[in-house]
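Working notes, structure below.
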There are 2 protein chains.
Amino acid sequence: MSERVVPPGARRRRRPTKQGVVLSEELIVATALRLIEEHGADALSVRRLGRALGADPSSLYRYFRHTDDLMLAVADELIGRTLRAWRPTGDWRADLRDLGLRMHASALAHPRAAVLSSYRVTGRVHEIQAVETILGVLRGAGFPDADAVRVYHAFIDQALAFGALDSASTALPKAAREAEAAVWRATYARLPAATHPHIAAAARHLVHDMPRSSYPGALDLLLGAAAARLAEIRATVRPGQAS
Amino acid sequence: MSERVVPPGARRRRRPTKQGVVLSEELIVATALRLIEEHGADALSVRRLGRALGADPSSLYRYFRHTDDLMLAVADELIGRTLRAWRPTGDWRADLRDLGLRMHASALAHPRAAVLSSYRVTGRVHEIQAVETILGVLRGAGFPDADAVRVYHAFIDQALAFGALDSASTALPKAAREAEAAVWRATYARLPAATHPHIAAAARHLVHDMPRSSYPGALDLLLGAAAARLAEIRATVRPGQAS
DNA sequence: CTTAACAGGTCAACGGTGTTGTCATAAGGT
DNA sequence: ACCTTATGACAACACCGTTGACCTGTTAAG
């Protein structure tokens, strides 16, 4: 066995599959994404992916060391797509808001990849490009390096964390998702004021608010705090005028 | 088969297992938690849990309809423990900060349950108690119902989302976790300024910041924004003096 | 005190999963 | 034309969650 995965550059022998398909890293990732989109995140398994490709499942291990590796490649491809669709305008706050919402939406569309990419550092091309781009926006806006990294960190973690959270709940079978919303109406909204005064008082708001994502609000909060920090920095730096 | 799970109240026949153990919902949940603590989140499977209990795996289905159900019970137990350990002082901001950190820590200690509980509404006793308690803190501080729910929502989602995110990364095998940190040093910190100027400029900060959790910072941000909102509300309400 | 019902345990099986060791073969370089 | 070897196929392993059928001891009713 030793190492069955060959570095991408060294691949040459394009022997087709029994069913005539010529495999490649790109084709595998694209097919995985298609499977996820068409049949949901749970439809993705090595065996099913093999079947969809017209190849033996074990062939995939010539391209990825294990499932995780494959999912990271899928996640990186998603980052790339999100970044390509994004059109920065030069207004850092609006641009980051837009990017945050896009990342969140992309996570919602691909729950499984979102969960994985939320806590893994891929070190792949698109991820690096995203880091460079976001840091560029922040430094361009005038954040000193240390603050730029802090804001970047909070921004990216929040987008990923809420993305994973919200995507997990939309990935539930439809019946289960409706059942969740029903818990707020049927259980919480009916608790008597005698035993649960605070829930009873706020019941109306709970039923309305809780089944919705709190990400947009949290994002605005973060950007607001960052803007306040930037104003503070600018005020401090004015006298000396150095970066 | 029909319905094999009997509602907790109706249980009476306490026939012991072949190996002499008397099962109960509480014992199962406690054992599951112990397994997670001792051998990591991946050590928890129906079969292993059965083995640890000295019972056939299928016996567990007399108590929980499926694995999810079991994990929700585990999650609810965790909420209960966290809440019991928390000692509110009456200072809403300090109390919520303390509670948020405790929830985050508890998620770190029980990654698998954390992930599940982060996007599911259990409607179980401890969860309800937590909602009532937190809403009580906020309403007691003077937040009107609608704002209390908004702050509650952001607070709880943030704690759960970051908890799930951070716990997922600490649940990685130690080798993988070290590899992640190494990516920042070995890949990002070495990118040439010519192609990646922003990363190169901020490299030192990236290496230091990125492998750490951004939750405490994000939490303070949220509470700061909530405090600002409360001050605003108080200022507006002063003249009429009504709640 | 006997007896009938059934809660709650066991067993065996089904169809799935990721992963690996071994083998065969066709493509490429020489 | 040959040799090497990348790469695909196959079969097997050890797991997983879940279920239907069966059996038995406890319990409540008569």
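One atom, CG of A/D69, and another, P of C/dT20, lie 12 Å apart when rounded to the nearest Å. Look at CG on A/D42: it is 15 Å from P on D/dG17, rounded to the nearest Å. Separating the CG atom of A/D56 from the C1' atom of D/dA12 is a distance of 12 Å, rounded to the nearest angstrom. Across the protein-nucleic acid pair, B/F64 atom CZ and C/dG8 atom P stand 13 Å apart, rounded to whole Å. Atom CE in B/M71 sits roughly 11 Å away from atom P in D/dG17 (whole-Å rounding). With rounding to whole Å, B/L23 atom CG is found 17 Å from D/dG25 atom P. Here the C1' atom of nucleotide C/dT19 and the CZ atom of A/R62 are 13 Å apart, to the nearest Å. Atom-to-atom, CG of A/L60 to C1' of D/dT7 comes out at 12 Å; the value is rounded to the nearest Å.
Looking only at distances, a side-chain donor or acceptor of B/T31 sits under 3.5 Å from a matching main-chain atom of B/L27.
Using a 4.5 Å cut-off on side-chain heavy atoms (C-beta onward), B/M103 and B/I156 make contact. Looking only at side-chain heavy atoms (C-beta outward), B/Y188 and B/H196 stay at 4.5 Å or farther from each other.
Between B/K18 and D/dT24 there is no side-chain polar atom (N or O) within less than 4.0 angstrom of OP1 or OP2. Distances shown here put every side-chain N or O of A/S58 at or beyond 4.0 Å from the OP1 or OP2 atom of C/dT19. Remark: B/S59 is in phosphate contact with C/dT10, judged by side-chain N or O atoms under 4.0 Å from OP1 or OP2. For the pair A/Y63 and D/dG8, the criterion of a side-chain N or O lying under 4.0 Å from OP1 or OP2 is met.
With sequence neighbours excluded, no residue forms a salt bridge (Lys or Arg N to Asp or Glu O under 4.0 Å) with B/R47. Partners of A/R97 under the side chain to side chain donor-acceptor pair (under 3.5 Å) rule, at least two apart in sequence or in another chain, are A/D220.
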Identify the pairs formed between an N or O of the protein and an N or O of nucleotides 14-16 of chain D at a distance under 3.5 Å, and give each distance.
from: D/dC16; atom 1: OP1; to: B/S45; atom 2: OG; distance (Å): 2.7

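Sorted by first then second residue, the salt bridge (charged side-chain N to carboxylate O under 4.0 Å, His left out) pairs that include residues 28-41 of chain A, not counting sequence neighbours, are A/R34-A/E38.
Scanning both residues, A/A43 and A/L35, for their nearest heavy atoms gives O-CD1, 4.2 Å. In terms of heavy-atom proximity, A/P197 sits nearest to B/E132 at CD-OE2, 3.0 Å.
Each of B/H66 and B/P16 was matched to the nucleotide of DNA chain D holding its nearest heavy atom; the match closer to the 5' end belongs to B/H66.
For the helix from C/dC1-D/dG30 to C/dT30-D/dA1, the terminal axes (five pairs an end, C1' atoms, rotation from four pairs onto the next four) enclose an angle of 10°, given to 10 degrees.
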Please list, one pair per line, the donor and acceptor atoms closer than 3.5 Å that link side chains of residues 69-87 of chain B to other protein atoms, with sequence neighbours excluded.
from: B/D76; atom 1: OD1; to: B/E127; atom 2: N; distance (Å): 3.0
from: B/D76; atom 1: OD2; to: B/H126; atom 2: N; distance (Å): 3.3
from: B/D76; atom 1: OD2; to: B/H126; atom 2: ND1; distance (Å): 3.2
from: B/E77; atom 1: OE2; to: B/R81; atom 2: NE; distance (Å): 3.2
from: B/T82; atom 1: OG1; to: B/L78; atom 2: O; distance (Å): 3.0
from: B/W86; atom 1: NE1; to: B/D95; atom 2: O; distance (Å): 3.2
from: B/R87; atom 1: NH1; to: B/R84; atom 2: O; distance (Å): 3.3

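Looking at heavy-atom distances under 4.0 Å, A/T17 makes contact with sugar-phosphate atoms alone, never a base.
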